[in-house]
Amino acid sequence: MSAKKFQNAIAPTRQEDYPEWYQQVIKAADMAEMSSVRGCMVIKPWGYGIWEKIQRGMDDLIKETGHENAYFPLFIPLSFMELEAGHVEGFAKECAIVTHHRLIEKDGHLVPTGELEEPLIVRPTSETIIGRSFAKWIQSYRDLPLLINQWANVVRWEMRPRIFLRTTEFLWQEGHTAHSTEKEAMEETLMILDKVYRTFVEETLAIPVIVGEKTPAERFPGAVNTYCLEAMMQDRKALQAGTSHYLGQNFSRAFEIQFSNQAGEQELAYTTSWGVSSRLVGALVMVHSDDDGLRLPPKIAPKQVVIIPMLNKPGEEEAIMAYSNAVADDIRKQSWAGAPVSVLVDKRDMRPIDKKWQWVKRGAPIRLEIGARDMEANAVFMGRRDRSLKAAESVSRDQVADLVVSSLTEIQNNYFALAKMLLDEHTHSDIDSLAAFEKFFTPENSEKPEIHGGFVRTKYCGNPECEEKAAALKVTIRCLPIDQSGSEGKCVICGGSAKTDAVWAKAY
RNA sequence: CGGGGUGUGGCGCAGUCUGGCAGCGCACUUGCUUUGGGAGCAAGAUGUCGGAGGUUCAAAUCCUCUCACCCCGACCA
C-alpha cells in the first residue's frame, strides 16, 4: 500500500459521508463492532476502557452527592408494566419478553418449552421493579430521602440500531430517588442535571451542552417533567447526552410508595429518576474526532501517553526499551487531574509506523516516539493528537514529564474550546420566521443531504401543533433551556405571541 | 409493518443478465530485501457462494420457497 493512497486515515471524510465516517472511526479505533445478535454490539477493550473511565468519573460524582449503588433484577414481571399508564404506552412497543424457561430437542432443533405463568420482560428501565422495592423499604419520613443508583444493562427493541447511539442492549446508570416533598424531589432532579451530568460531560468529556426541559411530546413516559443535556455533533445534529426526570407521585401511586409524615398521616413519596448511557461514547466520537480518527480528551483516554519505541535495527532493542521504560516511569510519577498520568509502552511486535497510525486512529492524546537518534540526543519525539501529525517535535528528556502534564491540560481545553466554537457558531437566534426556519433546515442537495442546519434558539408559543409542524422537517424541540430570557416575542412557527425560549434541531 | 437494496475466504468486492475449473484487492503466515515516517519481492494458508427444494450432463449463476442484514419512514438513552 502506498502512502499516497492515504490523505487521511479515515475514509470517507466527515464532509463526504458523515454517518459512514462515524462507523469507520469506531472500527479504525477498534472500539466496538456489531455482533451476530441483531442490534447488539461487542464493546472491545479500547471502547470499554473509555466506558470504564466514564463509569468511574460519574460514579464518584454520584456518590459525592449522597447516592449509593445497588442492584435490581434484569427481569420485570409483565404485570408491573401495567401499573403506570404512561409508562406502558412509552415502552410496550419495544420490549424483549421472556415467555419460556426451558429447551427441549425436537427434530434436531431446540425448541422452547415450560411456558411461564407470567411472562417476564427484560428491563427497558427499572422504575417499576425499583418502585416495588422502594415501597417495601419506605415506611416513615425518617426513611427519606432514599438515594439509589444502579449500573446496569437494559434492552429496548429499537427499530434502527446504530452503534453506541442506539443499540438494542446498552449500558447505563439509572438513579432512582424518593423524597418526602415535591420541592426536595425537584431539587434533586435539577441538582443531578447540573452538578453531576453537566459537570461531568463538560469538564471530563469536554462536550459543551445546553441544559433544558423537554416539551410534553418528548417527555419520559410516566414523568411529570423531563430535563436533559443536549450536545451538538459535528454534523450539527443534536444528541441527548443525559436526562433527569421528576416523576411526581406517578410511580409512588402505582407502586404504593407511602410513608407516614411527622403528623402520622400516610403520604405518597415524590420520586425522580435519571440516567446516562453508553451513548456518551458515541457522543465523544462525533464531537471530537477528525478525519484521522478518534480524538480522546485526556481525562477520558484509557491511556494518556503512548510510547512507541522505534525498534527498526536489530541490536538496538534492549537499549531503546530501557530508555523508553525510564521515560515512562518519569511520566508516571507526574500527577494530572488528580491521578497519576497513565502511560503505555507499546512493545508489540509490529512495525513502528503501523503502531503510530494505530494510536492516531485510537485517539491517544500524546505519542512519544523513541529511537536511537533520540536516545543519543537525550530527547524524545513528541506528537499531540490535537495538532497535525507533522507538528511533532523533539523534546529534551528532562523537560518531557513537565511538558506532558501541561500538554494534557492544553489538549483537554482545546477539545472543549473547539466543540464550544462549533456549538456557538451553529446556534442561531436570528431566525424569526417560518420561511427562514424552513430554509435553514432544508439541505441544498435533497438526494444526499450535505451537512447543514444547526440549533435554532427562538420563541415558541407552547402549542403542540407548532411542534408537530416542525416535525415535518425532521426538526424537534430539543429543549426549553433552563436559562430563559423571559422576553416576549413571536413564535417562530405560527407567529403568535410567545414567551418561552426553545432550542430546535434535527436529532439523533 | 410499508418502500428500496444486499447476502461469495477475516474485511471489502467482481463474477449472476448469457449455466461450464471459485476469482480479485486488503488483511494474515513464512522467507529475503528495506527501515524515523502508512515498504518491496516471492511463496503460502484461508470458501457448505445465506438456507431449503427444484430444473439440468453441469447451478454462485435459472425457478420456487425461506432466512438474515443494510438504507429510507414510524420509535429512541
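Quick caveat: nothing in here was measured; it's all calculated off a predicted structure. Throughout, a chain's letter reflects where its sequence line sits, starting with A, and its residues are numbered from 1.
Regarding contacts with the backbone of B:rG73, a side-chain N or O of A:Lys474 is found under 4.0 angstrom from either OP1 or OP2. A:Arg351 has no side-chain polar atom (N or O) that falls below the 4.0 Å cut-off from OP1 or OP2 of B:rG38.
In summary, A:Asp330 and A:Arg397 engage in a salt bridge, as defined by a charged side-chain N under 4.0 Å from a carboxylate O. A salt bridge is defined here as a Lys NZ or Arg NE, NH1 or NH2 lying under 4.0 Å from an Asp or Glu carboxylate O, and A:Asp386 with A:Arg295 fails to meet this definition. Salt-bridge formation is detected for the pair A:Arg14/A:Asp291: a Lys NZ or Arg NE/NH1/NH2 atom is positioned less than 4.0 Å from an Asp or Glu carboxylate oxygen.
Across all strands shown, B:rC17 has no partner, as no Watson-Crick or G-U wobble contact with both distances under 3.5 Å is found. In a base pair of the Watson-Crick type (N1 to N3 plus N6-O4 or O6-N4) or a G-U wobble (N1-O2 and O6-N3), with each distance short of 3.5 Å, B:rG31 is matched with B:rC41.
For A:Gln240 and A:Gly39, each mapped to the nucleotide of RNA chain B holding its nearest heavy atom, the one lying further toward the 5' end belongs to A:Gly39. Two residues, A:Ala241 and A:Glu369, neighbour RNA chain B, and the one matched to the more 5' nucleotide by heavy-atom proximity is A:Glu369.
Summarising the geometry, the separation between CZ on A:Arg219 and P on B:rA77 is reported as 14 Å, rounded to the nearest angstrom. Rounded to whole angstrom, the span from the CD1 atom of A:Ile26 across to the P atom of B:rC11 amounts to 18 Å. Atom CZ in A:Arg162 sits roughly 15 Å away from atom C1' in B:rC75 (whole-Å rounding). Between A:Gln23 atom CD and B:rG12 atom P there is a gap of 11 Å when expressed in whole angstrom units. In this structure, the CD atom of A:Glu218 is 8 Å from the P atom of B:rA77, given to the nearest Å.
Listed candidates were B:rC11, B:rG38, B:rG36. Nearest to the side chain of A:Asp354 is B:rG38. Of the candidates B:rG38, B:rC11, B:rG36, the closest approach to any side-chain atom of A:Trp357 belongs to B:rG38. For A:Phe170, counting side-chain heavy atoms from C-beta on, the closest listed nucleotide (B:rC75, B:rC11, B:rA77) is B:rA77.
For A:Arg156 against B:rC76, no side-chain N or O and base N or O form a donor-acceptor pair under 3.5 Å.
When heavy atoms are screened at a 4.0 angstrom cut-off, A:Thr167 is found touching base atoms of the nucleic acid. Note on A:Lys27: only backbone sugar-phosphate atoms sit closer than 4.0 angstrom, heavy atoms only; bases stay farther off.
Applying the salt bridge (charged side-chain N to carboxylate O under 4.0 Å, His left out) test to every pair with at least one member in residues 210-222 of chain A, sequence neighbours left out, gives these pairs: A:Lys214-A:Glu230, A:Glu218-A:Arg478.
Looking only at distances, a side-chain donor or acceptor of A:Asn250 sits under 3.5 Å from a matching main-chain atom of A:Gly222.
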